[in-house]
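Worksheet: one structure, shown below.
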Amino acid sequence: MLYDTIDELMEKARLAEGKTFGEIDNTGRIKNLKSKGTLGNIIEESYFGYEINSTSKPDFENLGVELKVTPFKRNKNGTYSAKERLVLNIIDYMKEYKLTFETSSFMSKAAKMLIMLYKHDPDIQINDYRIFKAFLNEFSEEDLAVMRRDWETIVTKIRNGEAHLISEADTMYLSACTKGVNKTSVRQQPFSSIEAKQRAFSLKASYMTGLIRKYITPEHMESITKPGELSDKTLDEILNERFMPHYGKSVDVLCKEAGIKYNPGNKSMIPHLMTKLLGVSKNDIDQIEEFSKANIKFKTIRREPDGKIREHMSFTNIDFDTLLEEDWEDSELFNMFSEQKYLFLVFRFTEKYQKGVKRIPYFEGIKLWNMPQGTIENELYELWAETRRVVREGVELVPKSNRVNNNLPGSKFNRICHVRSKAQDGDDKILLPDGQWITKQGYWLDKDYIQMILDER
DNA sequence: GCATGATCATGC
DNA sequence: GCATGATCATGC
């Protein structure tokens with residue numbers, strides 16, 4: 001063995017900081033680089049002088065250390081994020097359920113990782129990418145507690161014969177991402193005859209972002225849980241406990257208690273209020289460690305006195321050019337629901353809606369939600385495919401009085417999700433690929449679907 | 001009463 | 001200027 005101790009290995013690893021892949025490579029493979037995994041292979045072979053190993057054992061087997069070479073990127077606002085999730089080993093559905101978290105394939109591979117970060121930049125040639133930082137990662141107790149639960153969530157689906165229903169958004173930090181040569185890569189599962197998509201354990205991009213920021217920017221996130229708390233309770237339970245004392249209070253009262261200005265027009269008021277109620281000094285929920293690492297977004301829901309919801313829930317606007325180019329599993333829509341979780345903050349009005357009358361809602365509860373895989377694969381996919389078809393064939397725009405009707409999949413499409421306009425004003429239009437102008441459009445979840453989610457269980 | 005297109009308001 | 005959460009308006 002070349003490295004007898006971890007210190008020796010890390011000393012060598014750190015010497016790579018600042019070097020480019022071109023400088024390190026002595027196999028010539030960097031020139032015709034095809035797969036992203038190759039960068040890791042180059043480090044393994046040219047830098048550490050190891051043979052490439054694709055077994056379930058860690059790369060530096062005698063030290064129990066797995067090598068991971070992974071990119072980060074600089075965002076428009078100057079912060080840094082992981083460019084992608086960190087993919088570990090493929091899950092063998094036939095075996096994994098027989099293991100415990102401690103003996104799991106995930107833990108035997110990833111308990112100790114030598115992570116080498118390089119900066120991704122679309123304007124730079126791959127051989128000029130530079131190793132920025134090399135460090136040894138061992139998970140904190142808090143993170144392991146969450147990952148243990150994540151692992152159990154995944155294994156429970158296998159045990160229930162539901163491996164084909166696994167979704168990345170089911171879990172918080174550790175997820176099961178699809179991995180295969182193509183979409184038809186499937187595997188047997190032990191308790192169902194339905195073949196399940198091949199998946200690998202991975203650390204979510206949001207989790208990796210948290211990890212990377214610790215090393216790149218000394219920026220520090222605030223935690224809402226106490227040490228050890230996450231091993232006994234789920235985040236859902238902890239949040240409910242924290243918010244419970246505030247249920248039944250009106251928003252203006254809550255604002256007063258939290259010492260912030262009540263201004264219903266301010267859309268950051270609710271998120272702001274929630275961070276205050278959680279006892280966190282940050283204004284931005286993305287600065288709360290548990291939300292940030294698990295990729296959880298806030299969404300407020302206002303219910304009528306009878307529990308109904310008046311308005312559909314809007315999501316990001318559609319970029320039609322991208323829509324025509326993207327593949328389903330890399331699409332914006334897919335990512336929005338397969339990788340993100342949502343914390344619904346539920347409010348209720350006590351008075352009936354009346355045009356022009358301002359009402360103050362009461363805080364009713366929370367619900368941590370992600371879209372089930374079945375819905376993602378059916379209704380959500382249909383929406384994407386139909387929107388694409390209409391855009392490709394050319395949206396039919398029919399002016400009628402002071403509006404313009406279109407044939408995009410609207411709110412009667414499938415009872416789950418639809419496409420509808422969302423713009424600042426009548427001039428806020430966007431160019432379609434065929435040269436027509438259309439009022440900006442966004443993705444929406446149907447209000448009846450949201451209501452169903454809130455009422456279930 | 002709902003579907004559906006349009007627009008308001010605010011912060012970054 | 002724009003994204004986005006929130007809401008309005010009207011015709012069937």
Side-chain angles (χ1 to χ4, degrees), chain A residues 75-79 251-252 255 260-275 282-287 296-322 332-333 336 340 342-349 351-361 363 383 386-387 390 395-432 436-452:
Chain A
N75 301 316
K76 284 193 192 110
N77 64 8
T79 60
V251 175
D252 56 345
C255 280
I260 65 172
K261 200 168 165 245
Y262 174 67
N263 172 10
N266 179 353
K267 58 188 154 214
S268 57
M269 181 187 78
I270 296 286
H272 195 154
L273 174 61
M274 293 300 141
T275 53
K282 309 273 182 186
N283 284 342
D284 185 359
I285 57 152
D286 287 333
Q287 289 290 319
I296 297 172
K297 310 280 177 210
F298 277 173
K299 282 281 181 188
T300 52
I301 298 172
R302 284 156 301 277
R303 307 184 86 177
E304 294 301 307
D306 61 1
K308 291 206 170 129
I309 300 169
R310 271 179 59 80
E311 303 289 344
H312 304 293
M313 182 184 278
S314 74
F315 291 82
T316 174
N317 273 359
I318 306 173
D319 177 337
F320 292 104
D321 295 319
T322 312
E332 284 185 28
L333 187 63
M336 221 180 320
Q340 272 168 213
Y342 295 92
L343 181 69
F344 293 149
L345 303 164
V346 188
F347 297 86
R348 197 186 283 240
F349 293 113
E351 302 152 79
K352 279 196 171 159
Y353 169 77
Q354 238 186 310
K355 200 166 85 181
V357 177
K358 290 271 172 265
R359 299 176 293 169
I360 300 177
F363 189 24
L383 179 74
E386 175 63 6
T387 308
V390 172
V395 182
E396 288 169 27
L397 296 170
V398 185
K400 204 167 189 184
S401 60
N402 50 0
R403 42 202 268 164
V404 183
N405 293 343
N406 67 58
N407 61 337
L408 289 162
S411 60
K412 271 185 298 193
F413 179 63
N414 63 12
R415 319 255 78 185
I416 302 281
C417 45
H418 63 272
V419 167
R420 224 166 89 246
S421 59
K422 188 160 85 105
Q424 294 173 66
D425 53 51
D427 295 325
D428 197 15
K429 292 175 187 293
I430 188 172
L431 197 58
L432 285 160
Q436 303 186 90
W437 289 91
I438 189 170
T439 307
K440 284 184 182 167
Q441 304 285 316
Y443 294 112
W444 299 71
L445 287 187
D446 294 20
K447 54 189 182 179
D448 292 346
Y449 177 53
I450 304 288
Q451 199 184 327
M452 207 192 70

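Below, chain A is the first sequence line, B the second, and so on; all start at residue 1.
Comparing A:Asn266 and A:Asn407 along DNA chain B, the residue whose closest nucleotide (by nearest heavy atom) sits nearer the 5' end is A:Asn407. Residue order along DNA chain B, read from the 5' end via each residue's closest nucleotide, puts A:Lys412 first among A:Asn263 and A:Lys412. Map A:Phe315 and A:Lys400 each onto its nearest nucleotide of DNA chain C; the residue landing nearer the 5' end is A:Phe315. Along DNA chain C, the nucleotide nearest A:Phe298 and the nucleotide nearest A:Tyr353 are compared for position; the residue whose nucleotide lies closer to the 5' end is A:Phe298.
Counting any heavy atom pair closer than 4.0 Å across all strands shown, A:Ser401 reaches no nucleic acid atom. Looking at heavy-atom distances under 4.0 Å, A:Lys422 makes contact with a base. Residue A:His272 is out of contact with every strand shown, counting any heavy-atom pair closer than 4.0 Å. Residue contacts for A:Asp428: at a heavy-atom cut-off of 4.0 Å it reaches no nucleic acid atom on any strand shown. Using a 4.0 Å heavy-atom criterion, one finds that A:Phe413 contacts no nucleic acid atom at all.
In this structure, A:Trp444 and A:His418 have parallel ring planes: the angle between them is below the 30° cut-off, well short of the 60° mark.
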Criterion side chain to side chain contact (heavy atoms under 4.5 Å, CB included) on A:Asn406 and A:Thr439, from CA distance to verdict: CA-CA 10 Å; A:Asn406 67 58; A:Thr439 307; over 6 Å; no

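Taking the 5' to 3' direction, DNA chain C first and last meets chain A under 4.0 angstrom from a heavy atom at C:dC2 to C:dA9.
Figure legend: cation-pi geometry between A:Arg359 and A:Phe349, with NZ or CZ positioned under 6.0 Å from the six-membered ring centre and within 45° of its axis. With a 6.0 Å cutoff to the six-membered ring centre and a 45° limit on the axis angle, A:Lys308 does not count as a cation-pi contact of A:Tyr353.
Here the side chain of A:Asn414 pairs a donor or acceptor atom with the backbone of A:Cys417 at under 3.5 angstrom.
In this model, no donor atom of one side chain and acceptor atom of the other lie less than 3.5 Å apart for A:Gln451 and A:Tyr449.
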